[in-house]
Each structure stands twice: as C-alpha cells, then as structure tokens.
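This chain uses plain numbering: 1 for the first residue, then up along the sequence.
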Amino acid sequence: MNKKNNIYTLKELLPCSQLSPINLGINLFSVFKMMLFPAFLLSLISTYLKHYLIKKRYAMQRDQMTNFYRRDYYEKKLLKQRNFNLLIIDIDHFKKINDNYGHETGDDVIRHVAKRINNCIRSKDVPVRWGGEEFILSFDDMNHQQLQIKAKKICQSIASFPILNLTITVSIGGISTKNRHFNAVYKAADKALYYSKNNGRNQYTII
C-alpha cells in the first residue's frame with residue numbers, strides 16, 4: 001500500500017473497503033528484504049557447509065604431509081581387491097637422515113620424495129602413505145613389464161637430483177598378480193623390497 005518507490009502500482013476500487021481507491025504496488029527493496037536476502041544468506045551458508053564437508057572428507061582420506069591417501073582409509077579398499085599391480089617404496093637409510101639432520105629435515109625429505117613419486121604416476125593411480133617413509137602405489141591397468149618400467153622411472157627420478165643437498169634413493173619391491181588376497185600380495189611385494197635393499201638399494205625388484 002506504499003505509494004513510493006514501487007516498480008509496479010495499481011489503483012483498485014474494493015467494494016468491501018472504506019478506503020477508495022486502494023493503491024497496490026511492488027517495492028523491490030521490500031521483496032529483497034523479505035525474500036531474496038534470506039535466500040542469499042541460506043545459499044552462502046549452504047556453500048560454506050559444502051566446502052567445509054569436502055575439506056573435512058579430504059582431511060580424513062589424505063595424509064597432510066604428502067597428500068597421498070592415508071593407510072587407515074585406503075587399506076579397506078585394498079583388502080577388497082583381488083587383482084594387483086603394486087609397488088612398495090621405501091626411502092633408503094632414512095633413520096640416518098633423522099639421526100644426522102633431525103626430524104624436520106626427515107619430514108621435508110618425505111615431502112620431496114612424495115612429490116617426485118607423484119610426478120611419475122597418473123591421476124588415476126593410487127598412492128598411499130603406508131607408514132613413516134614407506135609408500136604403496138596401486139595401478140589398475142598394467143602388466144609385469146609396465147610395472148618394471150614404472151618402478152625404474154621412480155627410482156631414477158628420486159636419485160637423479162639431490163634433495164635438500166642430500167643424496168636420496170629409494171628401494172622398491174613390486175608384484176603383478178591376479179586372484180590373490182591383499183595380505184598375500186603385500187607379503188610378496190615386501191620380500192621383493194627387502195631383496196632390493198639387501199642387494200645394494202637404489203633399485204627395484206618386481207615379481
């Protein structure tokens with residue numbers, strides 16, 4: 001009934017009213033205040049909650065230091081698999097790095113190694129920080145020969161340039177197999193890893 005600032009105004013005669021004519025109008029500010037502003041506010045809250053939940057879920061799935069999957073999240077998926085192309089990667093002499101240069105340097109080495117590993121794999125490949133300086137990589141569509149090429153590439157990538165002025169290398173054990181439980185696959189790959197370590201490190205063994 002406000003005559004001012006209306007984008008639409010209509011005068012009507014109403015038989016049941018003592019006031020004639022009645023001014024009917026639409027005021028943009030009133031519409032915004034009563035309808036659009038609450039809707040805009042709800043939209044902001046909804047967007048914030050959505051981003052918060054995505055961030056929370058990401059934090060639950062990913063290791064903060066490396067951005068690889070966390071073991072406690074991804075191990076359940078590995079236990080359900082039956083076909084594997086798997087690499088276990090371990091940083092050589094990592095305890096000496098911690099002892100000689102401190103744990104902060106050790107953490108930085110882990111971050112740099114993870115970045116180099118990530119540069120060697122595809123977006124659909126699955127990297128998992130298994131614990132400490134050990135990583136697991138899982139690949140969907142690879143054969144034995146392709147897994148060897150991938151392991152070689154990772155070894156060379158990490159050893160090619162110093163990290164924090166330190167010569168860093170990794171040892172790798174891997175397996176390409178079908179119709180086997182993850183526990184058996186992991187044990188076999190772990191044996192291959194120790195074979196690499198016991199034979200000089202900075203190398204890979206794929207079975």
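Between Ser171 and Asp92, the shortest heavy-atom distance links the atoms OG-OD1, 2.6 Å. Summarising the geometry of Phe84 relative to Val185, their closest heavy-atom pair is CD1-CG2, 3.5 Å, with the distance given to 0.1 Å. The two atoms that bring Ile110 and Gly132 nearest to each other are CD1-O, 3.7 Å, heavy atoms only. Of all heavy-atom pairs spanning Gln61 and Tyr73, the tightest one is NE2-OH, 3.3 Å.
Phe94 and Ile117 fall within a single hydrophobic cluster, where Ile, Leu, Val, Met, Phe, Trp and Tyr side chains are chained together by heavy-atom contacts under 4.5 Å. Each of Tyr69 and Ile121 belongs to its own hydrophobic cluster when Ile, Leu, Val, Met, Phe, Trp and Tyr are linked at side-chain heavy-atom distances under 4.5 angstrom. Both Ile136 and Leu79 are members of a single hydrophobic cluster when ILVMFWY side chains are connected at heavy-atom separations under 4.5 Å. Under the 4.5 Å side-chain heavy-atom criterion for Ile, Leu, Val, Met, Phe, Trp and Tyr, Met65 and Ile168 are members of the same hydrophobic cluster. By the criterion of side-chain heavy atoms lying less than 4.5 angstrom apart, applied directly or through intervening Ile, Leu, Val, Met, Phe, Trp or Tyr residues, Ile175 is not grouped with Ile172; the two fall into different hydrophobic clusters.
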Side chain to side chain contact (heavy atoms under 4.5 Å, CB included) between Leu87 and Ile154, intermediate numbers included: CA-CA 10 Å; Leu87 296 179; Ile154 292 169; 4.2 Å; yes
Side chain to side chain contact (heavy atoms under 4.5 Å, CB included) evaluation trace for Val170 with Cys155: CA-CA 6 Å; Val170 296; Cys155 268; 4.2 Å; yes
Verdict with supporting geometry, Leu137 and Val126, side chain to side chain contact (heavy atoms under 4.5 Å, CB included): CA-CA 6 Å; Leu137 302 181; Val126 178; over 6 Å; no
Criterion side chain to side chain contact (heavy atoms under 4.5 Å, CB included) on Leu193 and Ile89, from CA distance to verdict: CA-CA 8 Å; Leu193 169 67; Ile89 303 172; over 6 Å; no
Which donor-acceptor pairs under 3.5 Å do the side chains of residues 145-153 make with protein atoms, sequence neighbours left out?
residue	atom	partner	partner atom	Å
Gln146	OE1	Asn143	N	3.0
Lys150	NZ	Cys120	O	2.8

Under 3.5 Å donor-acceptor pairs involving side-chain atoms of residues 157-167, not counting sequence neighbours:
residue	atom	partner	partner atom	Å
Ser160	OG	Gln156	O	3.2
Ser160	OG	Ser157	O	2.9

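For residues 115-155, every residue pair satisfying the ring pair (Phe, Tyr, Trp, His ring centres under 6.0 Å) rule, not counting sequence neighbours, is listed here: Phe68-Phe135, Trp130-Phe182, Trp130-Tyr186. Listed by first and then second residue, the side chain to side chain donor-acceptor pair (under 3.5 Å) pairs involving residues 101-111 are Asp108-Arg111 (not counting sequence neighbours). Here salt bridge (Lys or Arg N to Asp or Glu O under 4.0 Å) pairs that include residues 173-195, with residues two or more places apart or in two chains, number zero. Legend: side chain to side chain donor-acceptor pair (under 3.5 Å) pairs involving residues 80-90, not counting sequence neighbours, sorted by first then second residue: Asn85-Ser176, Asp90-Lys197. For the side chain to side chain donor-acceptor pair (under 3.5 Å) condition, the pairs that include at least one residue of residues 198-207, sequence neighbours left out, are Ser196-Thr205.
For Arg71, the salt bridge (charged side-chain N to carboxylate O under 4.0 Å, His left out) partners two or more places apart in sequence, or in a different chain, are Glu75. With sequence neighbours left out, the side chain to side chain contact (heavy atoms under 4.5 Å, CB included) criterion links Asp99 to Lys95. Residues forming a side-chain hydrogen bond (donor to acceptor under 3.5 Å, both in side chains) with Arg129 (at least two apart in sequence, or on another chain): Asp63. In this structure, the side chain to side chain contact (heavy atoms under 4.5 Å, CB included) partners of Asp141, at least two apart in sequence or on a different chain, are Arg122, Lys124. Scored by the side chain to side chain contact (heavy atoms under 4.5 Å, CB included) test, Thr47 finds Ser43, His51 as partners (sequence neighbours excluded).
Panel note: side chain Asn118, backbone Ala114; no donor-acceptor pair is recorded below 3.5 Å.
In this structure the side chain of Glu133 never reaches within 4.5 angstrom of the side chain of Val109, judged on heavy atoms.
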